[in-house]
Structures are given as structure tokens and as C-alpha cells.
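As C-alpha cells, the structure follows; a few thoughts come after it.
Protein chains get the first letters and strands the later ones, always in sequence-line order, with residue 1 at the start of each. None of these values were measured; they are calculated from a predicted model.
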Amino acid sequence: MSKKAFRPDVDAPTWRGGHSPYDIIKEGTIALVVVGVLTVLLSVFFGSPDEAAVTVKKWANANPIDFATTAANELNGTSLTAGYGPPYNHAAIGQKLGPLSLAKWAGVRIPINPVSDFVIKPLESMPSQPVLQQNLAMWSSASSSTQSGWVTDYVKAVPKMTFVNGHVVVPTTNAGPVSVLVDNLTQMARSGALDQALVTGGGYYTTDYTKPLLFLADGTYLAGLAANQHLTGTQWGMMNETGQYPGQAWLWLYTFWYQIRPYSASTNADVLVWGTMMALSAVLLFLPLIPGLRAIPRKVKVYRLIWREHYQQ
Amino acid sequence: MSTTEIDRQWTTRLRKRVAGKLPPEKLLPDTQPAYVSSWIYVFGVATLAALIIVIATGCVLSIRGPLWWHQSSIGHFVNSLHLWSVEIFFFAMVIHLWGKFFMGAWRGGRTMTWMTGCVTFFASILAGFTGYVSQTNFDSQWISTQAKDGINATGGGSIFNVLNLGQMLMWHIVLLPLAAIALTAVHVLLVRVKGVVPPYEEDSEIVQ
Amino acid sequence: MSWLGSIIPLDHLGHYIHWHVILISVGNLVVIGLMVVTFIAALLLPFPGRGGRKASK
């Protein structure tokens, strides 16, 4: 070894003491059997959760008003998705970490246009329905200022929306085709056809549920179900599981930051929490290189318990 | 061929290097230093055992595809085995981490052992997360629609789309298991090469 | 096979502990509590076997 001074938090003394018998294969086998038995016992006793997925059909039948209101917000550009920004659209610049606009720099890579993707294109896929076709034609031939005039008029009347005899009724005066579009989309959703229209947007095969999930998340129905199960962000939901099952308890620290200031009050909470966790992860990773921190175990002396037989001698 | 020519071959040099660093008695030791005598030492091997069960049950779930476990009570039971072995995996891994921290287990040239362990932990968290969003049930719908905001805020969402089931499932059953297995293998081999960290020398505290 | 996993069902709505900013499900609390208990037990309980028989090497 070199003549440098011994650094107790970096160097380890060379072991000159005795050795005891150690059967590594036997130890591994015992561990596998014990963990295996424990896994089987826990599974037999507790099982695992499997709450069925929510469909747009289920949502529109359980709460047609919420669905129709969400559809109107999509047209109006006031839904969460419509105002999201990157990676879905240019409506916002996304969150900022100090001066860094990470989301904006990454760009719009998964383009979503709520008006056409969630409302117009699905309606256009419906088989020939003369009234709907007329109203779709009216919509697509109108200028964007005319369209937004209709939508504004419709959205103003949304608080008075009712659901009567299977139809969405909104007392509008100058909403153009919007009433027919929203009502037809609601019918489509209640029949289950919208679920298909949203996922098959890319072709015959699909494994991508970005659009129906974004649409579902824009309503209040999914969030309401989640709040019942204590799964929302302010309920430490990230680490929770449906029912009484333990969840991703190892996310406790990530979840914790969302509950306290300045994170809980920030519009950049997500990126701040991520930045914090990245920094803390780096500290954990590079702990052996950080003077002070790497001295903690030597100073708190828990090691004396672990190696007590050694120190007794 | 001359001996020197053989000695210069890549194959020969690699074999000699491996044999020098990790002779069979280090790879599969039959003794341990006497100070290795505490229950805290079992949590590393317990983590490894749980990882084997996680992978085995995951392989069983793969046989009939991602929706099987919703439709079959046997499938659901295999899902339970997968879930609980994951819980045990993280349980054991975190205790292993605590134990190694309090032993200062990075000392004596073991920094890479510590760091590969940490990266394995991070990769496992991502593997667990992609599993949660690949369940194709309410849980995965909710977790993915919530988690997208976090990852989108970092810009990562432009590549890593948590709402894309196919992508998440591929990461969960191909990329991240490969990473976790490779990292674990390197970690375990480093432990064997470097051996278990010796106790702090009480006198040495005077030095610093 | 329906008995599998149904002995102690955990599917009904969970219980939660709410204390100041802390809100945690009983399931997670049990897991984290067990981890701490297991860790302390691993430090304190005597490890059998190795102590006595030393092989000199």
C-alpha cells in the first residue's frame, strides 16, 4: 500500500483475523426457499388487487353531464389536455426548473389536438347519420372565429346542462352545430363506440392508449373514483394502492415533497420534486465520495452492533 | 505459435485477467472472514432470492399474455405471487441498503459496489413503476395519468410516454429486467471480487 | 382455485392514518413499520452458528 495516511471513511483495514466456514450455495438455497414460501403464503392469504379499468362508456353512462361538459371543454380549449403544452401541444410552455424550460426544449413529440382527436374525428367515423353529417360539415366549413363564437355561446350555457331522455340538453341561443356535436359524442360514448374510435386512431393494431387516457383524465369521474381510494396527489396517492394493499411504499420520499411547501404551492411542483429527487439520488449514488456524509456511519457507531462479536474480542 | 504470441491473444489475456481477479475460490467461497456474523448479512441474498422469484413469476405471466391474469383465477394467483415477491424484493433491498450504509460498505475500494447497488435500486423502482402502469386496470389508468405530469415536466415524457401501454410493457418485461439482471450480476461479482467490507478499526479514528 | 388470495381480502376500501401532513394507508404503514422492526431485529438478534467455530485459514 501507499504511504498515504489511512482515511477511515475511504480505506478499509486489511483483515488479518480468522475465517469461519461459509456455504454460499446452501445460504442461497435457504434464502430462495424462505422467500418463496413467504411469497406463496402472502399470496394465498391476501391475493392482489385488480379493479377493472374505467371505460369512456362507463364514464358517459355514470355521469353523462360530466362527460358532455368535458367534451365542451375540449372544443373550448379549456380542458387539461387542451391547455397542457409539451409534449402534447403548444398551448403552454410547460413547467420550469428555475430558468430551465426542460419540457419546452424536449418539444411537442406526442401531438394531441383535442378538438379533432377527441371530438371531430371520432364523430366523422360514425356511419351515415344525416343530421350529424350536416352539422359536421357546418363546423368544418366555418372559420375558426365562427367556431369559437359557437363554442363560447355553448360553454356559457353548460352550467344549465341537463340530461333528458338520453340526450344532452343545453339552452343555447347561438351555438351553431355544437349542441348536436356534443350530444352525438355523448351518445357515441355511451354506446362504447368512442372507446374504440379513440384507441384505433392510429390504425388496425394499437397498443397506445394516450388519447383515451388523456380524455378520461380531463373529466372529474376518474379523479372522483381515485379520491375515494385515496389515490390523488394530495393524498400521497403515488404510493397508495386500491383497497388495503400496500403500494409503492418506496416512493414515500417522492410523494412527501408534494405535500409540503414550497412544492405544494408551486405551479412547477412536478419538475421541482423531480429535480429534488434527482439531486438526492445523486447524493446517495456518490455518497462514498462526499466527505462528511460518508463519515456518518463511523460516527453513529451502529456498526458496533453489527460487528459486536468482533469488537468483544 | 510461440508462447508469447499465445500470451498476447485477447482471449488469453481476458482469461488470465478474469482468473486473477475472480478465482473460483473467490467466486464460490467456502469461508468468510470471522466478522461476518449478523442477521443483517442475509438481506442481500434475500433480495437476490426475491429477484429470482419476481422474474420467474413474471415469466409465467408472460406465457398467456398481459390480459390473462384478469380472466383466470390461476393467472390472478400468479399475479399475486408477482406482486408479493416484488414487495419482498424492495423490503429486503432497502434493509440491505440501510445495513450497508451503517457498515460504511464502500470502504476499501468498494465504491463501485455501492454505486452499482444504488443504480440497481433506481432501475428497480422504474421496473416496478412500469409494472404498475402495465396492469391494464383502473390502477394503471390512474397511476399513468398522474405520473405523466411528473415525467412530462422534466421533458422525459417526449420519449418515455407512460400512457403508451405497449411501450411501458416492453420496458417492463424486456429493457428494465435486462438492466436489473445485468446490474445485479455486476454488483454481486464486485462483492465477490472485493470481499465483504472489514469492520472499522477503532484506533484509526485518531488519524482523522 | 377461488380460495386463492381470498382468505383475508384486502379489496374493500382501506384505512388511512392522517397526522398533520402525513397521510398513509395502513397497508403501507404496516410494510414500512415491519421494515424498521426487521432492521432493528437484524441488528440486535444474535446470529446463530458462526461465532463459536472458527476455522483458521
If every non-hydrogen atom of B:S134 is compared with every non-hydrogen atom of B:L165, which pair is closest and at what distance?
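Smallest interatomic distance, heavy atoms only, reads CA-CD1, 3.9 Å.
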
Which pair of heavy atoms, one from B:R110 and one from B:K194, lies closest together, and at what distance?
->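 So the two residues come closest at NH2-O, 2.8 Å.
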
Ring centers of B:F160, B:W171 separated by less than 6.0 Å
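Yes, the ring centres sit under 6.0 Å apart.
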
### Query
Who in residues 36-44 of chain C is close to chain B, using a strict under-4.5 Å heavy-atom cut-off?
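Residues C:V36, C:T38, C:F39, C:A42, C:L43 are the ones that qualify, each having a heavy atom under 4.5 Å from chain B.
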
- Task: Look at the aromatic rings of B:H187 and B:H96 and report parallel, tilted or perpendicular, splitting at 30° and 60°.
- Result: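 Plane angle over 60°, so perpendicular.
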
* Asked: How many angstroms lie between atom CZ of B:R17 and atom NZ of B:K21, to the nearest 0.5 angstrom?
  ->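 One finds 5.5 Å between CZ of B:R17 and NZ of B:K21.
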
With a 6.0 Å cut-off (strictly less than), is the heavy-atom count around CE of B:M170, excluding the residue itself, greater than 12?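 Open.
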
